[in-house]
Amino acid sequence: MAGSNVTALFRASTAHSPSYFTLNRAGGGPAGEITDFCIPCNPYFPTPAMFDQLGRGLREILTYYPSGADTITAELCQVLGLNPQTVAMGNGSTELITWIDHLLVHESLAVPVPTFGRWTDQPMETGKRVDMLLLPEAHGFRLDPTSFVQFVRTRGSRAAVICNPNNPDGGFLPKQQVIALLDSLQDLDLIVVDESFLEFSDAEQEPSVAAEAVLRTNVIVLRSLGKNFGLHGVRFGYLVSNPSLAGKVRAALPKWNLNSFAETVVFMLKEHRQEYAESLQQARRDRQEMTWRLSQLPGLTVYPSQGNFLYVRLPEGVDGTVLRDRLLAEHGVLVRECSNKIGSSSRFLRLVVRPQQDVMRLMSAMEQVLYGQRTQVPEPLPEPLAPMLAQAPQSKPQPLPQAQPAVQQPGPMPMLALAQQPVDARGLGPVRSTGTAAVDRLIAQA
């Protein structure tokens with residue numbers, strides 16, 4: 001991947017990564033060259049047959065206006081068993097976050113960090129005070145509800161947000177703990193429980209508090225559809241709350257805020273319930289296997305997750321920005337380096353759960369960049385693996401067999417070869433610029 005814009009894309013001071021399409025345009029290569037571990041999408045849904053069906057209707061989808069949001073929302077509610085009066089659909093959950101901030105957050109908002117960037121950035125952009133509770137690395141980034149309530153009281157916050165599971169670490173609060181938190185903060189103006197990744201959880205049979213939100217006057221549950229359905233580009237999500245709050249948000253939304261792709265997918269869902277359920281089950285199995293495999297890499301810490309992503313701490317001395325650039329430039333593997341997330345640093349990556357063949361490509365790339373050789377992961381994968389709850393990082397499952405040295409060939413030096421110093425893409429010495437040496441090298445050669 002090469003191009004004059006690549007370095008600037010990663011140097012941008014934003015809480016989000018450049019888009020898949022932006023990277024491809026900057027790099028000048030086809031999309032198939034990148035294996036994406038950055039965007040947290042369901043890789044098993046829609047099915048190939050569903051994509052074929054969407055393709056056959058593409059002309060009509062792009063040509064005609066969609067129905068109004070009320071029509072699309074009514075169909076979604078019929079599929080999900082919800083009352084349309086308690087639901088508002090948005091052009092992605094981010095649109096709903098924006099309107100929640102404008103309409104319902106009046107003074108201040110408390111949120112644990114690290115978390116999804118829009119929950120910190122959006123209220124700050126509109127002049128609200130954002131009170132951020134740092135999740136302790138020593139406790140595996142686990143949120144303690146009692147500590148969060150005490151923090152809200154100490155700061156005098158008037159609104160609060162928790163993500164369950166949390167992004168980027170996948171930390172999970174059981175349903176009864178969330179309800180207890182809602183009870184403790186029932187005097188606040190607003191509490192939002194962002195359940196955007198909850199469909200990927202297997203810790204409880206019925207973990208959502210959406211039914212509770214309908215009965216309370218100050219609670220909103222936010223749900224994503226693009227993440228669950230593997231269709232980020234469609235941009236659709238919804239919130240559930242009591243009719244008064246939901247109606248207030250619906251009244252502010254534009255008439256045609258949902259596009260024809262969103263309408264088409266929503267009206268397909270009732271015919272594909274089984275495929276969707278199977279896709280979630282496979283994603284959960286993939287998470288267990290990917291957690292186990294990554295745990296075999298020396299010096300890497302993998303935190304328990306209930307999302308469709310894993311939060312990992314890199315070995316001592318490894319700069320995540322350099323690792324990200326080298327994985328992309330040398331192996332076509334895109335990862336989410338987390339230094340631009342409040343409460344995180346360049347020692348952390350968020351890696352999306354993907355099918356086994358993609359994980360093996362990631363493993364091979366990380367082994368070569370970090371250690372300069374292939375390590376040997378024992379087989380077969382132990383069964384069964386218990387669901388990963390938000391708790392302290394687990395110790396490595398078992399020691400690695402002695403790795404056989406790779407054949408020495410000219411090429412980039414392993415990142416761990418220079419203690420405490422990230423190396424540039426050619427392995428010639430410490431980085432002296434901005435942490436994007438691998439991409440700088442490619443640009444210079446372009």
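Quick note: residue numbers are just sequence positions, from 1.
No side-chain donor-acceptor contact under 3.5 Å links R250 to the backbone of A88. Remark: side-chain polar atoms of K341 are paired, donor with acceptor, to backbone N or O of T115 under 3.5 angstrom. In terms of modelled atom types and a separation under 3.5 Å, the side chain of S344 and the main chain of C338 share a donor-acceptor contact. No donor-acceptor distance shorter than 3.5 angstrom exists from the side chain of R293 to the backbone of M363, with no hydrogens or angles considered. A side-chain donor-acceptor contact under 3.5 Å links N164 to the backbone of L173. Not one N or O on the side chain of K227 forms a donor-acceptor pair closer than 3.5 Å with the backbone of H232. At least one donor-acceptor pair closer than 3.5 Å links the side chain of S241 to the backbone N or O of A246. The backbone N or O of P123 sits less than 3.5 Å from a side-chain atom of T126, completing a donor-acceptor pair. Counting only distance, with no hydrogens or angles, the side chain of R287 and the backbone of G307 share a donor-acceptor pair below 3.5 Å. Panel note: side chain S364, backbone M360; no donor-acceptor pair is recorded below 3.5 Å.
Of the inter-residue distances, the one linking L222 atom CG with L198 atom CG reads 12.0 Å to the nearest 0.5 angstrom. Of the inter-residue distances, the one linking I97 atom CD1 with D194 atom CG reads 5.5 Å to the nearest 0.5 angstrom. A distance of 8.0 Å separates CG of D189 from OG of S108, quoted to the nearest 0.5 Å. With rounding to the nearest 0.5 Å, the separation of CG in L82 from CD in Q78 is 11.5 Å. For the atom pair CG of L76 and OG1 of T73, the computed distance is 7.0 Å after rounding to the nearest 0.5 Å. Rounding to the nearest 0.5 angstrom, the gap separating the CZ atom in R158 from the CG atom in D131 is 12.0 Å.
In this structure, D144 and H139 have side chains that are not in contact, with every pair of non-hydrogen atoms separated by 4.5 Å or more. Side-chain atoms of M366 and L327, non-hydrogen and from C-beta on, do get closer than 4.5 Å to each other. V221 has its side chain out of reach of E212: every pair of non-hydrogen atoms, C-beta onward, lies at least 4.5 Å apart. Side-chain contact between M132 and I342: present, with at least one pair of heavy atoms (C-beta onward) separated by less than 4.5 Å. No side-chain heavy atom of L239 sits under 4.5 Å from any side-chain heavy atom of V87. Contact check for L300 versus P315: side-chain heavy atoms found under the 4.5 Å cut-off. Under the 4.5 Å side-chain criterion, counting only non-hydrogen atoms from C-beta, Q356 is not in contact with D286. Looking at N91 and F236, their side chains never come closer than 4.5 Å, going by heavy atoms from C-beta outward.
For the residue pair D202 and Q306, a side-chain donor N or O sits within less than 3.5 Å of a side-chain acceptor on the partner. A donor atom on one side chain and an acceptor atom on the other are not found under 3.5 Å apart for N218 and Q186. With hydrogens and angles left out, the side-chain atoms of S224 and Y238 include no donor and acceptor closer than 3.5 Å. A donor atom on one side chain and an acceptor atom on the other are found under 3.5 Å apart for Q274 and E278. Counted by atom type alone, N242 and T217 present zero donor-acceptor pairs between their side chains at under 3.5 Å. Between the side chains of T35 and D358, no donor N or O sits under 3.5 Å from an acceptor N or O. Under the 3.5 Å distance criterion, with hydrogens and angles disregarded, a donor-acceptor pair is assigned to the side chains of D101 and Q122. Under the 3.5 Å distance criterion, with hydrogens and angles disregarded, no donor-acceptor pair is assigned to the side chains of T94 and R118. There is a side-chain donor-acceptor pair under 3.5 Å between E337 and S339. For the residue pair Y276 and E199, a side-chain donor N or O sits within less than 3.5 Å of a side-chain acceptor on the partner.
Residues R142 and L135 come closest through the heavy atom pair O-CD2, 4.1 Å. Nearest heavy atom pair, residue F200 against residue R284, reads O-CG, 3.3 Å. Scanning all heavy atoms of the two residues, the minimum distance from P114 to G343 falls at CD-O, 3.7 Å. Across M290 and V353, no two heavy atoms sit closer than the pair SD-CA, 3.6 Å. The two residues V79 and L269 come nearest to each other via the heavy atoms CG1-CB, 4.3 Å. Heavy-atom minimum distance, T291 versus S295: O-OG, 2.7 Å.
Between R285 and E289, no side-chain nitrogen of the basic residue sits less than 4.0 Å from a carboxylate oxygen of the acidic one, so the salt-bridge criterion is not met. Of the charged side-chain nitrogens involved, none lies within less than 4.0 Å of a carboxylate oxygen, so that R235 and E95 do not count as a salt-bridged pair.
Using the six-membered ring where Trp is involved, Y303 and F348 have ring planes that are tilted, between 30° and 60° apart.
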_Candidate pair V333 and F37, rule side chain to side chain contact (heavy atoms under 4.5 Å, CB included), full reasoning_ = CA-CA 7 Å; V333 172; F37 284 88; 3.9 Å; yes

*Would you check, one step at a time, whether the test side chain to side chain contact (heavy atoms under 4.5 Å, CB included) holds for I72 with V266?*
CA-CA 7 Å; I72 304 172; V266 167; 4.0 Å; yes

*Going through the checks in order, is the side chain to side chain contact (heavy atoms under 4.5 Å, CB included) test met by V214 and V240?*
CA-CA 7 Å; V214 172; V240 181; 3.7 Å; yes

*Could you walk me through whether L190 and I100 pass the side chain to side chain contact (heavy atoms under 4.5 Å, CB included) test, one step at a time?*
CA-CA 9 Å; L190 179 69; I100 288 169; 3.6 Å; yes

*Going through the checks in order, is the salt bridge (charged side-chain N to carboxylate O under 4.0 Å, His left out) test met by E204 and K175?*
CA-CA 8 Å; E204 290 182 316; K175 181 176 181 176; over 6 Å; no

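Between F197 and F309, the ring centre distance stays below 6.0 Å.
Each of L280, L231, V352 was checked for a side chain to side chain contact (heavy atoms under 4.5 Å, CB included) with N42, and the lone residue meeting it is L280.
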Identify every side-chain donor-acceptor pair in residues 46-69 under 3.5 Å, counting partners at least two apart or on other chains, and give the distances.
residue : atom : partner : partner atom : Å
T47     : OG1  : M50     : N            : 3.2
T63     : OG1  : R59     : O            : 2.5
S67     : OG   : E263    : OE2          : 2.6

